[in-house]
Trainee: 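I'd like to ask some things about the structure below.
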Amino acid sequence: MTIPAPTDHASRIDALFGADVFSPRVMRKRLPREIYKSLMQTIEYGEPLDPQVAGVVAATMKDWAIENGATHYTHWFQPLTGLTAEKHDSLVSPDGSGGVIFNFSGSELVQGEPDASSFPSGGLRATFEARGYTAWDPTSPAFLMRGEATTTLCIPTAFVSWTGEALDTKIPLHRSAEALSKQAMRILRFFGTDRDVKTVITTLGPEQEYFLVDRELYFARPDMVTCERSLFGAKPPKGQQMEDHYFGTIPQRVLGFMADVERELYRVGVPVKTRHNEVAPGQYEIAPLFEVSHVASDHQMVLMETIKRVAPRHGLQALLHEKPFNGVNGSGKHVNWSIATDTGTNLLDPQDDTHTNMQFLVFLCAVIRAVDLHADLLRATIASAGNDHRLGANEAPPAIISIFLGEMLTDILDQLAKGLPKRTLKGGTLQLGARTLPQLPRHSGDRNRTSPFAFTGNKFEFRAVGSSQSIAWPATVLNTIVAESLDHIATQLEEEAGPRPSAAKQAEAVISVLKKALKAHRRVIFDGDGYAGAWHKEAEKRGLPIMNDSLAAFPVLNAKKTTDLFKKYDVLSPTEVSSRYHIAVEKYVKQLLIEGETMASVARTHILPAALEHQTIMAEAVASTEAAGVKCDGERKALEAFVKLVARCRTMVTKLETALAHENGDLLGHAKHMAEKVRPAMADLREVADTLEQHVSAELWPLPTYRELLFLK
């Protein structure tokens, strides 16, 4: 066998990457020059789309798609289900002479019309009000979705109701990015650094955690099939306590799956970079490079779908739920967020002498102010029934939203609070004690994995986002609250400095404004252990919002403060904000209803029959032993204890079913009932069922155990 040369391998990767994307490179080759230039003005600088461009682009896109095997197209969009949606239409039409022609017009590219009443709308659409529209998003490249025998042209689109309200995650994300750009440009103009800058963008780099289980074992677990998490499962002797899975050798079947996923993602232009074992056994992570926020959001949805689609080819099932297994770490999606100019300058890069970089300090303080003022809203953006299982455990705890900055930035802010900063702490180098090993440059500050919102070099990492969640909503909120703070700070700078300020007057204004911002909002900065109980007491003393579960966070979504914020920056109308609140609470209730009903069903039809069969075997053993004239007091006591355990399990099933039968017309009241009655009943049933698992014969137990699910790869 001949081993290919590295250059051959590299050329294959280069040919593979973006092969199924209608990218600017493809458009440059195929579109007329003026059409291409006009379209790129829309893509790169947000210029309005010229209607005459659409027809030419549609014809060119159609030809490209057909040449690559496509027979259908779809307007690919992201409704408020948290997933993606698609309706496929054929590119083929009869030609009237017994043959076919391939048609795809500019109007078909620009606008589609899916049913708007069958998606979650939070009251924006009634069942009898069905009309909705999809609108082409030219800033996110079209791509080909390949199946076993099909190829479909996917056109990223926005989804809007007939009345004009946003029914998706994309429209608010675009609006929030424009709001932030407008206010960030004011800061750049104040510092005179806006030359050649036409727009400011936000970038995202989401790290996706997930579990893999053997597919046959998965289908033997009705709870995992229905709810994507185990509702039952006794803790195995070994979990993650040996800390041997994290960054360990990737199992061969898993590595084959990862390589397959990467190839598919490369084809559609998703720039995946990192793969590794995560902390919990059976848990893994994949992370891409940074991209502009709305493209990163689209690619994140493609990534999740690809992981789910590819896993069965390798006999695996991917689980994106935030807490598939009790007793080990759950899965998050660490969303790395930053701000940059269209000329490539990262506005959150401190640079070497950070204390002299006043523009960076303005953007930094704007983020600090935003997170402090709207910590409750940030908490609400990641509120869900699934995330409640994960958050606040020995993972990133967002019950208290705080910011980690690190030693270097904290020191600079200490100086800033007193006046003009004079120094920047340096990291130096690490000596490893062996001449054969290199000296390592050391960063000026450590990292803090217990912080839900941490500065990590030139970006912020929002660690609280759930693994199954779309990143568009958290990004929308981040963009909006930072836009509001940039607006506030820019206004103060302009007022204090006055028109055409001197360098000294400008510096004086910056110091004055930032000192006031720090005095008012520094309470949100915490560089210590976010898991420590002392931090909870300290946070309460500081007046930070503490929301231990989603039920406490949901009302923030419907608060006047939230509505006014989104309305002011034209991100969401009051009715659109209200719809998000209703959808979040409704999804919480439905998810717990499904889990509760599944749990009761599995307990009655799987666990109790197995327990009774085991009880019968125990009873027969006691009876036959005693009939033989042999005392077996220990066995009889064990039987009596087991009978009580089975009876308790039956009682707990009834208790759960009774709690589930409750009806409440008030949505938040129903959610409160689910949190206060149904979840405790589920926990009680699980406790007794997991105890039964530890006593019932392994041959009789009907569900694959944690030992099998977590470790058989």
Trainee: Are Glu693 and Thr705 linked by a side-chain donor-acceptor pair shorter than 3.5 Å?
Mentor: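 No, Thr705 and Glu693 have no side-chain donor paired with an acceptor closer than 3.5 Å.
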Trainee: Which heavy-atom pair separates Leu593 from Met674 by the least distance, and what is that distance?
Mentor: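 For Leu593 and Met674, the tightest heavy-atom pair comes out as N-CE, 3.5 Å.
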Trainee: Please name the pair of heavy atoms, one in Glu657 and one in Ala600, separated by the smallest distance, quoted to 0.1 Å.
Mentor: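 Closest pair (atom of Glu657, atom of Ala600, distance): CG-CB, 3.8 Å.
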Trainee: With a 4.5 Å cut-off on side-chain heavy atoms, are His582 and Phe554 touching?
Mentor: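 A side-chain contact under 4.5 Å is absent here.
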Trainee: Counting neighbours of NZ on Lys713 that are heavy atoms of other residues, nucleotides or ligands and sit closer than 6.0 Å, is the number greater than 12?
Mentor: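 Check passes, neighbour count above 12.
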Trainee: Walk me through whether Gln300 and Val335 qualify under side chain to side chain contact (heavy atoms under 4.5 Å, CB included).
Mentor: CA-CA 11 Å; Gln300 230 299 300; Val335 178; over 6 Å; no
Trainee: Considering only distance and modelled atom types, tabulate donor-acceptor pairs under 3.5 Å from the side chains of residues 228-239, sequence neighbours left out.
Mentor:
unit_1: Glu228; atom_1: OE1; unit_2: Leu320; atom_2: N; d: 2.9
unit_1: Glu228; atom_1: OE1; unit_2: His321; atom_2: N; d: 2.9
unit_1: Glu228; atom_1: OE2; unit_2: Lys308; atom_2: NZ; d: 2.3
unit_1: Arg229; atom_1: NE; unit_2: Glu595; atom_2: OE1; d: 3.4
unit_1: Arg229; atom_1: NE; unit_2: Glu595; atom_2: OE2; d: 3.1
unit_1: Arg229; atom_1: NH2; unit_2: His389; atom_2: NE2; d: 3.3
unit_1: Arg229; atom_1: NH2; unit_2: Glu595; atom_2: OE1; d: 3.0
unit_1: Ser230; atom_1: OG; unit_2: Pro324; atom_2: O; d: 2.5
unit_1: Ser230; atom_1: OG; unit_2: Tyr706; atom_2: OH; d: 2.6
unit_1: Lys238; atom_1: NZ; unit_2: Asp244; atom_2: OD2; d: 2.7

Trainee: May I ask you to check whether over 12 heavy atoms, not counting those of Glu626, lie within 6.0 Å of atom CD?
Mentor: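 Yes.
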Trainee: Give the C-alpha distance, both sets of side-chain angles, the deciding distance and a yes or no for side chain to side chain contact (heavy atoms under 4.5 Å, CB included) between Arg313 and Asp260.
Mentor: CA-CA 9 Å; Arg313 300 179 195 168; Asp260 204 358; 3.3 Å; yes
Trainee: Are the side chains of Val213 and Leu316 in contact, using a 4.5 Å heavy-atom criterion?
Mentor: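 Counting from C-beta outward, Leu316 and Val213 never come under 4.5 Å.
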Trainee: Sorted by first residue and then second, give each ring pair (Phe, Tyr, Trp, His ring centres under 6.0 Å) pair with at least one member in residues 621-669; sequence neighbours left out.
Mentor: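 Counting only pairs at least two positions apart or across chains, the ring pair (Phe, Tyr, Trp, His ring centres under 6.0 Å) contacts touching residues 621-669 are His614-Phe642, His662-His673.
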Trainee: In terms of the angle between their ring planes, are Phe257 and Tyr210 parallel, tilted or perpendicular, with boundaries placed at 30° and 60°?
Mentor: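 If you compare the ring of Phe257 with that of Tyr210, the planes turn out perpendicular.
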Trainee: Do Pro222 and Leu703 have side chains that get closer than 4.5 Å, going by heavy atoms?
Mentor: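 Side-chain contact under 4.5 Å: yes.
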Trainee: Is a side-chain donor or acceptor of Arg523 paired with a backbone partner of Gly543 at a separation under 3.5 angstrom?
Mentor: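 Judged by distance alone, yes, a pair lies under 3.5 Å.
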Trainee: Quick one: do Glu278 and Asn329 satisfy side chain to side chain donor-acceptor pair (under 3.5 Å)? Show the steps, please.
Mentor: CA-CA 9 Å; Glu278 253 301 330; Asn329 276 14; 5.6 Å; no
Trainee: Counting distance only, does the side-chain N/O of Asp223 pair as donor-acceptor with the main-chain N or O of Thr598 below 3.5 Å?
Mentor: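 Flag not set: sc Asp223 to bb Thr598 has no pair under 3.5 Å.
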Trainee: Tell me whether Thr562 contacts the main-chain N or O of Val556 through its side chain, where contact means a donor paired with an acceptor under 3.5 Å.
Mentor: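 Yes; judged by distance alone, with no hydrogens or angles, the pair exists.
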Trainee: Take Arg390 and Glu209 through the salt bridge (Lys or Arg N to Asp or Glu O under 4.0 Å) test and state the conclusion after the steps.
Mentor: CA-CA 13 Å; Arg390 161 184 170 257; Glu209 295 174 341; 5.3 Å; no
Trainee: Start with the C-alpha gap between Ile403 and Asp527, add the side-chain angles, then the distance that decides, and say whether side chain to side chain contact (heavy atoms under 4.5 Å, CB included) holds.
Mentor: CA-CA 7 Å; Ile403 293 177; Asp527 287 357; over 6 Å; no
Trainee: Can you see which heavy atom on Ser470 is nearest to which on Met301, and at what distance?
Mentor: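 Ser470 and Met301 have their closest heavy atoms at CB-SD, 4.0 Å.
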Trainee: Could you go through the salt bridge (Lys or Arg N to Asp or Glu O under 4.0 Å) check for Arg542 and Asp372 one step at a time?
Mentor: CA-CA 11 Å; Arg542 294 186 186 188; Asp372 181 45; over 6 Å; no
Trainee: Salt-bridge test for Glu708 and Arg221: reply yes if a basic N is under 4.0 Å from a carboxylate O, no otherwise.
Mentor: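 The answer is no: the pair does not qualify as a salt bridge.
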Trainee: Could you walk me through whether Leu204 and Asn336 pass the side chain to side chain contact (heavy atoms under 4.5 Å, CB included) check?
Mentor: CA-CA 5 Å; Leu204 299 173; Asn336 295 281; over 6 Å; no
Trainee: Quick check: are there more than 12 heavy atoms from other residues, nucleotides or ligands sitting under 6.0 Å from NZ of Lys561?
Mentor: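 Counting other residues, nucleotides and ligands, NZ of Lys561 exceeds 12 neighbours.
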Trainee: Closest heavy-atom contact between Asn387 and Ala464?
Mentor: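 Scanning both residues completely, I find the closest heavy atoms to be ND2-O, 3.1 Å.
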Trainee: For Gln252, I'd like to know if atom CD has over 12 heavy atoms of other residues, nucleotides or ligands within 6.0 Å.
Mentor: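 No, CD of Gln252 has 12 or fewer neighbouring heavy atoms, counting only those of other groups under 6.0 Å.
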Trainee: Looking only at atom types and distance, does a side-chain atom of Thr381 sit under 3.5 Å from a main-chain N or O of Leu378, one as donor and one as acceptor?
Mentor: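 Checking the backbone N and O of Leu378 against the side chain of Thr381, a donor-acceptor pair under 3.5 Å is found.
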Trainee: May I ask you to decide if Ala647's main-chain N or O and Thr651's side chain share a donor-acceptor pair within less than 3.5 Å?
Mentor: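 A pair under 3.5 Å: yes.
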Trainee: Is the NE2 atom of His695 crowded by more than 12 outside heavy atoms at less than 6.0 Å?
Mentor: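 No, because the 6.0 Å sphere around NE2 of His695 holds 12 heavy atoms or fewer from other groups.
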Trainee: First locate atom CG of Leu319, then atom CE of Met224, and finally report the distance between them rounded to the nearest 0.5 Å.
Mentor: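 Separation between the atoms: 4.5 Å.
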Trainee: Tell me the closest heavy-atom pair linking Asp376 and Met547, and the distance in Å.
Mentor: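 In terms of heavy atoms, the two residues are closest at CB-CE, 3.3 Å.
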Trainee: Can you find a pair of side-chain heavy atoms, one from Lys333 and one from Phe462, that are under 4.5 Å apart?
Mentor: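 No, too far: nothing below the 4.5 Å cut-off.
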Trainee: For Arg636, is the CZ atom crowded, meaning more than 12 foreign heavy atoms sit under 6.0 Å from it?
Mentor: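 No, CZ of Arg636 has 12 or fewer neighbouring heavy atoms, counting only those of other groups under 6.0 Å.
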Trainee: State the CG-OG distance between Leu391 and Ser550, to the nearest 0.5 angstrom.
Mentor: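 Spacing of CG (Leu391) from OG (Ser550) equals 7.5 Å.
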Trainee: Is the number of heavy atoms from other residues, nucleotides or ligands under 6.0 Å of Glu305 CD greater than 12?
Mentor: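 Enclosed.
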Trainee: Report yes or no: does Thr625 contribute a side-chain atom to a donor-acceptor pair with the main-chain N or O of Ala621 at less than 3.5 Å?
Mentor: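 Yes, because the side chain of Thr625 sits within donor-acceptor range (under 3.5 Å) of the backbone of Ala621.
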Trainee: Please examine the side chains of Ser468 and Glu322, heavy atoms only from C-beta on, and report whether any two atoms are closer than 4.5 Å.
Mentor: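 Side chain of Glu322 against side chain of Ser468, heavy atoms only: contact under 4.5 Å found.
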Trainee: Measuring only between side-chain heavy atoms, which start at C-beta, is Arg275 closer than 4.5 Å to Leu255?
Mentor: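 Counting from C-beta outward, Arg275 and Leu255 do come under 4.5 Å.
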Trainee: Using 0.5 Å steps for rounding, measure from the CE atom of Met652 to the CD atom of Glu687.
Mentor: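 It is 9.5 Å, given to the nearest 0.5 Å.
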Trainee: Under 3.5 Å, is there a donor-acceptor pair between the side chain of Gln615 and the main chain of Leu639?
Mentor: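 Side chain of Gln615 to backbone of Leu639: no pair is present.
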Trainee: Do Glu264 and Arg146 have side chains that get closer than 4.5 Å, going by heavy atoms?
Mentor: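 Glu264 does not reach Arg146 side chain to side chain.
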Trainee: For the backbone of Gly315 and the side chain of Arg253, can you confirm whether one donor and one acceptor N or O come within less than 3.5 Å of each other?
Mentor: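 Indeed, once roles are kept as given, a pair shorter than 3.5 Å links the two residues.
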Trainee: Give, for atom CD1 of Ile382 and atom CD of Gln469, the distance between the pair rounded to the nearest 0.5 Å.
Mentor: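 These two atoms lie 7.0 Å from each other.
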Trainee: Nearest 0.5 Å, please: how far is CZ in Arg309 from CE in Met304?
Mentor: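 That separation rounds to 13.0 Å.
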Trainee: I'd like to know whether CZ of Arg707 has more than 12 heavy-atom contacts from other residues, nucleotides or ligands below 6.0 angstrom.
Mentor: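 No - once you tally the heavy atoms of other residues, nucleotides and ligands closer than 6.0 Å, there are 12 at most.
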Trainee: So which heavy atom on Trp701 is nearest to which on Val696, and how close?
Mentor: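 Minimum heavy-atom contact is CE3-CB, 3.8 Å.
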Trainee: So Ser697 and Ile617, do their side chains get closer than 4.5 Å, heavy atoms only?
Mentor: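 In short, these two side chains do not touch, never coming nearer than 4.5 Å.
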Trainee: Give a yes or no answer on whether the side chain of His245 reaches the backbone of Gln240 with a donor-acceptor pair at less than 3.5 Å.
Mentor: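 Pair absent, no side-chain N/O of His245 close to backbone of Gln240.
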Trainee: List the steps, then state whether side chain to side chain donor-acceptor pair (under 3.5 Å) holds for Lys459 with Thr456.
Mentor: CA-CA 6 Å; Lys459 62 190 185 304; Thr456 55; 3.1 Å; yes
Trainee: At what distance, to the nearest 0.5 angstrom, does CG of Leu592 lie from CE of Met682?
Mentor: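 Answer rounded to 0.5 Å: 6.5 Å.
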